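Every value quoted in this text rests on a predicted model; they were computed, and no experiment measured them. Just so you know, residue 1 is the first one in the sequence shown, and it goes up from there.
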Amino acid sequence: MADGLAGANEGAPLDLDAAQKILADASRGADDGELFVEDSRSESFLWDDGRLKSASYDASQGFGLRLVAGERAGYGHSSVLDEDAVRRAADAAKLALRGHSGTLDVAPPRTNAKLYRDVDPLAAPGFTDKTDLLAEIDAYVRAKDPRVVQATVSIAGSRRAVTIVRPDGERYEDARPLVRVNVSVTVEKDGRRESGSSGIGGRESYEAFIAPDRWKKVADEALRIALVNLDSIPAPAGEMDVVLGPGWPGVLLHEAVGHGLEGDFNRKETSAFAGKIGQRVASPGVTVVDDGTFHDLRGSLTIDDEGTPTSRTVLIEDGILKGYLQDRMNARLMGVSPTGNGRRESYAHTPMPRMTNTFMTAGDKDPEEILRSLKRGVYAVNFGGGQVDITSGKFVFQCTEAYLVENGQIKAPIKGATLIGDGPTALTRVTMIGNDLKLDEGVGTCGKGGQSVPVGVGQPTLYIQGLTVGGL
């Protein structure tokens with residue numbers, strides 16, 4: 001990104017040198033602060049009921065200016081990129097500094113890492129090629145099985161370019177591509193309808209995902225899940241042991257445990273993990289990591305939205321709580337180092353501690369051995385929506401693909417199963433950890449405080465004792 005950025009009114013470009021001077025003047029007495037400038041473009045296409053149902057394109061530019069004083073943060077933002085707008089935002093943000101006299105924190109360290117290429121997914125393929133692709137996927141799914149009565153296909157891409165300007169003059173830049181492909185299939189037999197869905201995505205161009213071997217795999221998986229559910233029986237209810245499959249079921253770990261390990265909740269002592277550094281919080285062998293440094297993954301970032309390089313942060317090691325996920329403000333207030341987890345949805349939002357790619361590391365058990373050890377319980381392979389209470393860690397998750405297991409043998413797919421429990425307790429009931437760690441295919445989106453950001457999840461096959469299973 002150049003030293004000037006054109007404003008939404010297409011007038012003269014914003015002079016970043018002048019904007020930095022305004023920020024520097026406003027930040028006297030602040031503990032921290034930055035100017036976050038963003039240029040974002042995105043598109044999405046939805047094919048439904050045999051036709052193109054919607055196609056959208058969005059372009060936005062803007063900035064957010066933040067000044068931090070202790071636990072307070074003043075913030076001003078605008079979609080107008082000019083010096084007057086920056087000055088007005090600075091005046092508003094300075095209200096947080098009244099009565100505060102601090103020393104500006106040191107700037108984030110630099111990194112030479114590049115975790116993804118600066119590609120523009122919107123540049124290619126063209127509009128017609130994208131709609132032809134959607135039609136081809138739809139036709140492929142319908143031809144695979146006569147029981148298919150509906151197919152929904154969507155693709156979405158974006159490029160988000162950010163510049164972070166510090167009061168001391170330091171600048172950080174990052175251009176972030178993101179693509180996602182999703183297929184949902186509905187099948188019918190004897191008047192009964194069931195559905196399945198699958199998706200892939202990451203920080204690459206469309207070409208990485210729309211090759212026939214890639215999208216056919218996604219379509220086949222969506223159809224497979226739908227057909228499995230077509231033969232499902234009502235889920236049992238009660239307390240029983242559960243085996244979680246690898247990969248996407250890590251979303252339960254993300255929601256029920258990961259949020260509770262974010263710095264702000266622990267600084268405010270509203271997390272079940274607050275004040276437990278160095279204590280055992282999980283079974284031996286359980287190691288939970290947040291790692292934003294994987295190449296091209298959906299949750300990865302070269303730098304976070306404060307300019308800090310992302311890192312591999314060990315949160316729980318062999319069952320012992322080691323640390324939390326930190327942005328700059330919470331790290332300073334807690335007397336620790338930032339971990340590169342300061343994230344925001346857009347220039348209109350303030351950063352907060354957020355996960356990137358969060359997963360449990362592999363153990364030493366064969367997944368088949370884990371399943372054979374389940375006398376009577378549920379084998380949960382895929383999840384849909386869920387609800388979590390951060391303070392207690394209590395969760396309720398819906399299974400979109402699950403099976404009844406008796407004496408180590410899969411008996412039948414089940415419908416309507418929900419898993420109920422709390423994250424801190426579930427961690428202590430993990431008795432077997434598979435050697436098959438898998439990260440999800442790049443479809444995760446995390447919500448917190450009204451903000452949504454792309455994330456990754458993952459885990460190996462897990463045996464958990466004594467979860468409550470809710471059925472139909």
So [Y] and [X], do their side chains get closer than 4.5 Å, heavy atoms only?
{"X": "I155", "Y": "F209", "answer": "no"}
{"X": "I316", "Y": "L261", "answer": "yes"}
{"X": "K276", "Y": "N266", "answer": "no"}
{"X": "R332", "Y": "V68", "answer": "yes"}
{"X": "V149", "Y": "V187", "answer": "no"}
{"X": "K438", "Y": "P460", "answer": "no"}
{"X": "M360", "Y": "L462", "answer": "yes"}
{"X": "R298", "Y": "R203", "answer": "no"}

Look at [X] together with [Y] and state whether they make a salt bridge at an N to O cut-off of under 4.0 Å.
{"X": "E369", "Y": "R372", "result": "no"}
{"X": "K411", "Y": "E406", "result": "no"}
{"X": "R66", "Y": "E306", "result": "yes"}
{"X": "D120", "Y": "R41", "result": "yes"}
{"X": "K189", "Y": "E194", "result": "no"}
{"X": "D145", "Y": "R224", "result": "no"}
{"X": "R267", "Y": "E71", "result": "yes"}
{"X": "D138", "Y": "R142", "result": "yes"}
{"X": "R280", "Y": "E317", "result": "no"}
{"X": "R159", "Y": "D118", "result": "yes"}
{"X": "K144", "Y": "D220", "result": "yes"}

TODO: Start with the C-alpha distance between L253 and V288, add both sets of side-chain angles, then the distance that settles side chain to side chain contact (heavy atoms under 4.5 Å, CB included), and finish with yes or no.
DONE: CA-CA 9 Å; L253 177 76; V288 178; 4.2 Å; yes

TODO: With salt bridge (Lys or Arg N to Asp or Glu O under 4.0 Å) as the test, would you mind laying out the steps for E38 and R160 before giving the verdict?
DONE: CA-CA 7 Å; E38 178 181 4; R160 186 183 182 211; 2.8 Å; yes

Task: Full working for side chain to side chain contact (heavy atoms under 4.5 Å, CB included) between Y116 and L297 - done: CA-CA 9 Å; Y116 30 79; L297 290 195; over 6 Å; no

With a 3.5 Å distance limit and no angle check, can you tell me whether [X] reaches the backbone of [Y] through a side-chain donor-acceptor pair?
{"X": "T418", "Y": "Q398", "result": "no"}
{"X": "Y347", "Y": "S78", "result": "no"}
{"X": "K130", "Y": "P125", "result": "yes"}
{"X": "T356", "Y": "G292", "result": "yes"}
{"X": "D39", "Y": "V162", "result": "no"}
{"X": "E401", "Y": "N382", "result": "no"}
{"X": "S283", "Y": "T428", "result": "yes"}
{"X": "Q459", "Y": "G245", "result": "yes"}
{"X": "D440", "Y": "V457", "result": "yes"}
{"X": "S271", "Y": "G260", "result": "yes"}

Value rounded to 0.5 Å, distance of [atom1] in [X] from [atom2] in [Y]:
{"X": "L178", "Y": "S40", "atom1": "CG", "atom2": "OG", "value": "10.0 Å"}
{"X": "S154", "Y": "F45", "atom1": "OG", "atom2": "CZ", "value": "11.5 Å"}
{"X": "W248", "Y": "H254", "atom1": "CH2", "atom2": "NE2", "value": "8.0 Å"}
{"X": "E262", "Y": "T339", "atom1": "CD", "atom2": "OG1", "value": "10.0 Å"}
{"X": "I433", "Y": "Y463", "atom1": "CD1", "atom2": "OH", "value": "14.0 Å"}
{"X": "D49", "Y": "Q150", "atom1": "CG", "atom2": "CD", "value": "5.0 Å"}

Task: Candidates N357, T313, N341 - the one meeting side chain to side chain donor-acceptor pair (under 3.5 Å) with D290 - done: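 Of the listed residues N357, T313, N341, the side chain to side chain donor-acceptor pair (under 3.5 Å) partner of D290 is N341.
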
Heavy-atom closest pair, residues [X] and [Y]:
{"X": "Y403", "Y": "V228", "answer": "OH-CG1, 3.5 Å"}
{"X": "A222", "Y": "V183", "answer": "CB-O, 3.5 Å"}
{"X": "M355", "Y": "H259", "answer": "CE-N, 3.6 Å"}
{"X": "G263", "Y": "P353", "answer": "N-CB, 3.9 Å"}
{"X": "S232", "Y": "I414", "answer": "CB-C, 3.8 Å"}
{"X": "G342", "Y": "P351", "answer": "C-CB, 4.3 Å"}

TODO: Show the numbers, then the answer: is there a side chain to side chain contact (heavy atoms under 4.5 Å, CB included) between V289 and R312?
DONE: CA-CA 7 Å; V289 174; R312 185 181 193 273; 3.7 Å; yes

TODO: Given side-chain hydrogen bond (donor to acceptor under 3.5 Å, both in side chains), test S392 with D422 step by step and report yes or no.
DONE: CA-CA 7 Å; S392 64; D422 72 85; over 6 Å; no

So for atom [atom1], which belongs to [X], do other residues, nucleotides or ligands contribute more than 12 heavy atoms lying within a distance under 6.0 Å?
{"X": "R72", "atom1": "CZ", "result": "yes"}
{"X": "Q409", "atom1": "CD", "result": "no"}
{"X": "E269", "atom1": "CD", "result": "no"}

Open item on the list: Pairing donors with acceptors under 3.5 angstrom, does anything connect the side chains of D304 and T310?
Closed with: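 No - no donor-acceptor pair under 3.5 Å links their side chains.
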
TODO: Answer with yes or no whether the side chains of Y172 and D305 bring together a donor and an acceptor at under 3.5 Å.
DONE: no

- [ ] Could you give me the CA-CA distance, side-chain angles and deciding distance for F383 and C399, then say whether side chain to side chain contact (heavy atoms under 4.5 Å, CB included) is met?
- [x] CA-CA 4 Å; F383 286 98; C399 300; 3.9 Å; yes

Open item on the list: Assess the residue pair D190 and R192 against the criterion (salt bridge (Lys or Arg N to Asp or Glu O under 4.0 Å)); give the C-alpha distance rounded to whole Å, side-chain angles, the decisive distance to 0.1 Å, and a yes or no.
Closed with: CA-CA 6 Å; D190 300 330; R192 177 179 175 178; over 6 Å; no

TODO: Take F273 and F265, measure what ring pair (Phe, Tyr, Trp, His ring centres under 6.0 Å) needs, and give me the verdict at the end.
DONE: CA-CA 9 Å; F273 296 100; F265 294 127; over 10 Å; no

- [ ] Begin from the C-alpha positions of R328 and D32 and carry the test salt bridge (Lys or Arg N to Asp or Glu O under 4.0 Å) through to its verdict.
- [x] CA-CA 8 Å; R328 287 175 60 85; D32 207 355; 2.7 Å; yes

